[in-house]
> 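So that we are looking at the same thing, I have put the structure below in structure tokens.
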Number of protein chains: 2
Amino acid sequence: METNAETAAERKCPIETVIHLLGGKWKPLILWHLLESTRRFSELEKLIPEVTQKMLAQHLRELEADKLVTRTIYPSVPPKVEYMLSDYGKTMVPVLETMCAWGETHNRLSLRPAAQAIANV
Amino acid sequence: METNAETAAERKCPIETVIHLLGGKWKPLILWHLLESTRRFSELEKLIPEVTQKMLAQHLRELEADKLVTRTIYPSVPPKVEYMLSDYGKTMVPVLETMCAWGETHNRLSLRPAAQAIANV
DNA sequence: TAGGGCACTTACTCGAAAGTAAGCATGGCT
DNA sequence: AGCCATGCTTACTTTCGAGTAAGTGCCCTA
């Protein structure tokens, strides 16, 4: 698809660049936990119980490909792998914080509730 | 699906709230153009030539349901409909600007280029 | 020798998001 | 009478992201 073929530099709107980077279902949560400290794969699994191993691995690999996180392998047995925000990833911290701030403020004024949520009211 | 049933207030991470609101394929671009001024449906079509009428209408209605944009109908013939950022939508301007700023800076350092983009280099 | 822990893959399935193409309602213009 | 413009809607199809479940490789321990 052509829209996938466009490079970041070709995107019409810089907002899309950010959405593209953070857009995976679990990426915000992963970054959220990496803001605090370095994490192992199994730690992230515990911190985000709903995510499957497949999706966690996939999103981590995408974040790594996007250079937002760094993957460090310690050649021990059993294996140990640590994920942390890269320096590049840290440049996005203000963006994440601004989004968080807005989200926190406006979470409470619930917006477009899902169908089931309406049904339960 | 359970994750869709959660209300905004139940979201684990406030970033998700923002992603949820801006997450449609054309929403960032729509808001981007509404930042500048009020726009008619047909203006947005010209500004975003790749979007279909269906998707434009759908995303505009979602943005309206989320109270980010206001829809004003002028009962003229042919019909005239104007879309603008609501006051609530304007509270998100700093978020959009922060994202834009990051995106603009980092667009140039192209990140994870798509396969075809690589092939063309 | 069997089982366990870690950090993943792989193959398959499903549903939602997005795209395509066509139609509709109004009334004015020629 | 026929065509145009605007701002959509509808029905159908395709694509893609995400979920399920099972398997892999390594070496240590019991």
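Below, chain A is the first sequence line, B the second, and so on; all start at residue 1. Because the structure is a prediction, the values reported are computed rather than measured.
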> Determine the interplanar angle of the B:Trp102 and A:Tyr88 rings, folded into 0 to 90°, and report it as parallel if under 30°, tilted if 30 to 60°, perpendicular if over 60°.
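Geometry flag for A:Tyr88 against B:Trp102: tilted rings.
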> From CD of B:Gln58 over to P of C:dG19, roughly how many Å is that when rounded to an integer?
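Interatomic distance, CD of B:Gln58 to P of C:dG19: 10 Å.
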> Could you see if A:Ile73 belongs to whatever hydrophobic cluster contains A:Leu56? Use Ile, Leu, Val, Met, Phe, Trp, Tyr and a side-chain cutoff under 4.5 Å.
yes
> Starting at CD of A:Gln53 and ending at P of D:dG23, how long is that distance when rounded to a whole Å?
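So the two atoms are 14 Å apart, to the nearest Å.
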> Test of understanding: clusters of I, L, V, M, F, W, Y form through side-chain heavy atoms closer than 4.5 Å, transitively. Do B:Val93 and A:Ile15 belong to the same one?
yes
> What contact category does B:Lys80 fall into here, base, sugar-phosphate, or nothing, at under 4.0 angstrom with non-hydrogen atoms?
sugar-phosphate
> Give a yes/no on whether any side-chain N or O of A:His59 is located under 4.0 angstrom from OP1 or OP2 of D:dA18.
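Affirmative; the distance criterion is met.
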> Send over the distance from B:Leu60 CG to D:dG7 P, rounded to a whole Å.
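Atom CG in B:Leu60 sits about 11 Å away from atom P in D:dG7.
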> Given atom CZ of A:Phe41 and atom P of C:dG5, what is their separation to the nearest angstrom?
16 Å
> Go through the steps to decide whether B:Lys27 and B:Glu62 satisfy the test salt bridge (charged side-chain N to carboxylate O under 4.0 Å, His left out), and finish with yes or no.
CA-CA 9 Å; B:Lys27 286 184 190 174; B:Glu62 286 176 13; 2.8 Å; yes
> Take A:Pro79 and B:Ala57, find for each the nucleotide of DNA chain D with the closest heavy atom, and name the residue whose nucleotide sits nearer the 5' end.
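The residue whose closest nucleotide sits nearer the 5' end is B:Ala57.
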> For A:Arg71 and C:dC8, is the shortest distance between a side-chain N/O and OP1 or OP2 below 4.0 Å?
yes
> At less than 4.0 Å, is any side-chain N or O atom of A:Arg40 found next to OP1 or OP2 of C:dA7? Yes or no.
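For A:Arg40, the contact criterion (side-chain N or O under 4.0 Å from OP1 or OP2 of C:dA7) is met.
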> Whole angstroms only, please: what is the CG-P distance between B:Leu56 and C:dG19?
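That distance rounds to 11 Å.
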> Would you kindly give the CD-to-C1' distance between A:Glu43 and C:dC6, to the nearest whole Å?
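Rounded to the whole Å, the gap is 13 Å.
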> Please state how far atom NZ in B:Lys25 lies from atom C1' in D:dC16, giving the value in whole angstrom units.
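Atom-to-atom, B:Lys25 to D:dC16, this comes out as 11 Å.
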> What distance separates A:Glu97 CD from A:Glu104 CD, expressed to the nearest 0.5 Å?
10.5 Å
> Scan A:Ser42 against the nucleic acid and name what it touches under 4.0 Å (heavy atoms): base, sugar-phosphate only, or nothing.
sugar-phosphate
> How would you label the contact of B:Tyr83 with the nucleic acid (heavy atoms, under 4.0 Å): base, sugar-phosphate, or nothing?
sugar-phosphate
> Return the nearest nucleotide to the side chain of A:Trp26; candidates are C:dC8, D:dG19, C:dT9.
D:dG19
> Where each residue is assigned the nucleotide of DNA chain C containing its nearest heavy atom, which of B:Met55 and A:Lys54 is assigned the position nearer the 5′ end?
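Comparing both residues, the 5'-ward one is A:Lys54.
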> Tell me the interatomic distance from A:Ile73, atom CD1, to C:dA7, atom P, rounded to whole angstroms.
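These atoms are roughly 11 Å apart.
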> With the side chain of A:Pro78 defined as its heavy atoms from C-beta on, choose the nearest nucleotide among D:dT9, C:dC8, C:dC6.
C:dC6
